[in-house]
Amino acid sequence: MGHKVVVFDISVVRALWETRVKKHKAWQKKEAERLEKSALEKIKEEWEFVAECRRKGVPQAEYCKNGFVDTSTRLLERIERNSVARQSARVKDRGKRSNPFVFELSGTQWKELPDSLKEQTHLKEWHIHNTLIQIIPTYIELFHSMKILDLPKNQITCLPPEIGRLKNLKELNVSFNHLKSIPPELGDCENLERLDCSGNLDLMELPFELSNLKQVTFVDISANKFSSVPICVLRMCRLQWLDISSNDLTDLPQDIDRLEELQGFLLYKNKLTYLPQAMLNLKKLTLLVVSGDDLVELPTALCDASTPLKFVSLLDNPIDKTRCQDTDDTVESEQDRQHFDKEFMKAYIEDLKERAVPSYTAKVSFSLQL
């Protein structure tokens, strides 16, 4: 018995495929319309716009208002013009700063301060950063008119006791160096208003003598190894901003409410499990940032919508705890990572000030390894 062969009319096969092609084209059209209306395309457009703005050095505040990105081309042109104008203003400002009262130094070719500096005792400002300088010389005591010591991201291992002779000093920035202690003599700088010791990693305490600094309004001791809030800080009666994030705090002192003028308090990346009731007595506090992973107890009034306080609870992403498997990648130093974290939080807080947000806000921080 022979095989049975089924023979189709070619026109039937053609009609079948034409029908399928029409259906596929109709689906493609609908999919294109859906993507056009979806948020994905808008997000892609916004990211491309933001990347273009960043390449042109446009500040985020110019194109992002209340969390929304304005992607209009006309806006970009206007922002670019304003950015050029600001850069010109900065050039002029640098011209003003290159005056006989300001000393500036940067670059890894510098391992010590130039000898000629000793003769320029009339200087009022030092701006030294990104050098390999390890020691600040004792002759700094000769600079009686000094108001600003801006010394971030160097290799400084200690500050000389003679720094206490700078009676007119208003700002001291020794962030991201290698300090393990602060000289008690700094407490004699009674006109000091800003103190930044962040990112030294191994700094564990501040001397009690700093209690004499009654004019201080800003203290940043983040990214160190403090296990408690220094007693001297609690005695700074005019303190408005305190950043003690990324340390080893397990609790806060019960007399934290001594800081009656405190407005901003950054506590994230510590080991706090509770916040004391005394926090409610900080009547001027408008920003409180904590890590919410271990926090199990806090005064409920902190989340009350009737208060002006913006309470931000950060949840650390588990990816932060993973290790990079690619051994060919450059391992980021701890100081670089802490510096990036600070810059991120600074931008986030500035954006938070501009937006109307609920009094209690939960945010998730992502740590990316590229």
Side-chain angles (χ1 to χ4, degrees), residues 86-179 181-200 203 206-207 209-221 232 236-241 243 342 346:
R86 274 194 300 273
Q87 289 177 358
S88 300
R90 288 195 199 102
V91 171
K92 293 180 180 178
D93 184 58
R94 280 197 296 269
K96 291 180 181 178
R97 286 183 61 182
S98 19
N99 60 58
F101 298 104
V102 177
F103 174 74
E104 295 181 319
L105 189 70
S106 65
T108 54
Q109 70 272 25
W110 293 101
K111 296 184 178 180
E112 57 184 23
L113 294 173
D115 294 336
S116 59
L117 184 61
K118 186 177 181 179
E119 311 300 326
Q120 304 178 49
T121 56
H122 60 281
L123 291 173
K124 295 182 179 181
E125 299 182 18
W126 283 10
H127 297 273
I128 303 171
H129 58 90
N130 290 304
T131 73
L132 298 180
I133 293 173
Q134 298 183 19
I135 298 175
I136 300 300
T138 57
Y139 64 70
I140 195 173
E141 65 180 338
L142 303 175
F143 292 76
H144 301 297
S145 300
M146 185 73 71
K147 291 185 176 181
I148 297 176
L149 270 178
D150 186 35
L151 313 172
K153 303 189 75 173
N154 296 291
Q155 303 293 318
I156 301 172
T157 56
C158 64
L159 295 175
E162 287 77 9
I163 196 172
R165 305 283 182 86
L166 306 180
K167 302 300 182 182
N168 293 307
L169 188 64
K170 291 184 177 295
E171 298 183 19
L172 175 61
N173 180 0
V174 286
S175 62
F176 295 94
N177 281 281
H178 298 284
L179 296 174
S181 64
I182 300 295
E185 290 78 7
L186 183 63
D188 296 331
C189 300
E190 53 192 27
N191 289 307
L192 192 68
E193 297 176 359
R194 294 177 63 90
L195 175 62
D196 190 344
C197 302
S198 61
N200 282 281
L203 196 60
L206 294 180
E209 286 77 4
L210 269 59
S211 301
N212 299 327
L213 303 177
K214 303 301 183 183
Q215 304 300 319
V216 172
T217 60
F218 177 98
V219 171
D220 189 344
I221 51 176
C232 62
M236 297 176 180
C237 54
R238 296 192 180 183
L239 191 62
Q240 298 177 9
W241 184 272
D243 187 348
K342 285 189 68 64
K346 182 180 178 181

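What you see is a predicted model; the values in this text were computed from it and never measured.
- Results of the side-chain contact (heavy atoms from CB on, under 4.5 Å) test with L195 over L186, T217, I221 single out L186 as the only residue that passes.
- Ring planes of W126 and F143: perpendicular class, angle over 60° (limits at 30 and 60°).
- Between L149 and L169 the shortest heavy-atom distance is N-CD1, 3.9 Å.
- Within 6.0 Å of NZ on K167 lie more than 12 heavy atoms contributed by other residues, nucleotides or ligands.
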Intermediate values then yes/no, side chain to side chain contact (heavy atoms under 4.5 Å, CB included), Y139 and L117: CA-CA 10 Å; Y139 64 70; L117 184 61; 4.0 Å; yes
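- Taken to the nearest 0.5 Å, the CD atom of Q240 stands 10.0 Å off from the CD atom of E193.
- Separating the CD atom in E141 from the OG1 atom in T138 is a distance of 6.5 Å, to the nearest 0.5 Å.
- A distance of 8.0 Å separates CD1 in I182 from CD1 in I163, rounded to the nearest 0.5 Å.
- We find the OG-CG distance between S198 and N173 to be 7.0 Å, quoted to the nearest 0.5 Å.
- In summary, the side chains of N130 and S106 do not present any donor paired with an acceptor at a separation below 3.5 Å, with no hydrogens or angles considered.
- Residues I128 and F103 have side chains in contact (heavy-atom distance under 4.5 Å, counting atoms from C-beta outward).
- With values rounded to the nearest 0.5 angstrom, L113 atom CG is found 8.5 Å from I140 atom CD1.
- In this structure, the side chains of H127 and I148 come closer than 4.5 Å at one or more pairs of heavy atoms.
- Taking each heavy atom of L123 and P100 in turn, the nearest pair found is CD2-O, 3.1 Å.
- Across Q215 and R238, no two heavy atoms sit closer than the pair OE1-NH1, 2.9 Å.
- Exactly one of K111, Q134, H178 qualifies for a side chain to side chain donor-acceptor pair (under 3.5 Å) with Q155. That residue is H178.
- Across all their heavy atoms, S145 and H122 have their closest contact at CB-O, 4.3 Å.
- Taking all atoms of both residues into account, the shortest heavy-atom contact from V216 to M236 is CG1-SD, 3.9 Å.
- Counting only distance, with no hydrogens or angles, the side chain of D188 and the backbone of G164 share no donor-acceptor pair below 3.5 Å.
- Here the side chain of N212 pairs no donor or acceptor atom with the backbone of L210 at under 3.5 angstrom.
- Between I133 and I135, the closest heavy-atom pair is CG2-O, 3.5 Å.
- In this structure, CZ on R194 lies 13.0 Å from NZ on K170, to the nearest 0.5 angstrom.
- Side-chain contact between L172 and C189: absent, with no pair of heavy atoms (C-beta onward) separated by less than 4.5 Å.
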E162 vs E185, side chain to side chain contact (heavy atoms under 4.5 Å, CB included): CA-CA, chis, key distance, verdict: CA-CA 7 Å; E162 287 77 9; E185 290 78 7; over 6 Å; no
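- Residues passing the side-chain contact (heavy atoms from CB on, under 4.5 Å) test with E112, sequence neighbours excluded: none.
- Two residues are said to be in side-chain contact when any heavy atoms from C-beta on lie closer than 4.5 Å; N168 and M146 fail this criterion.
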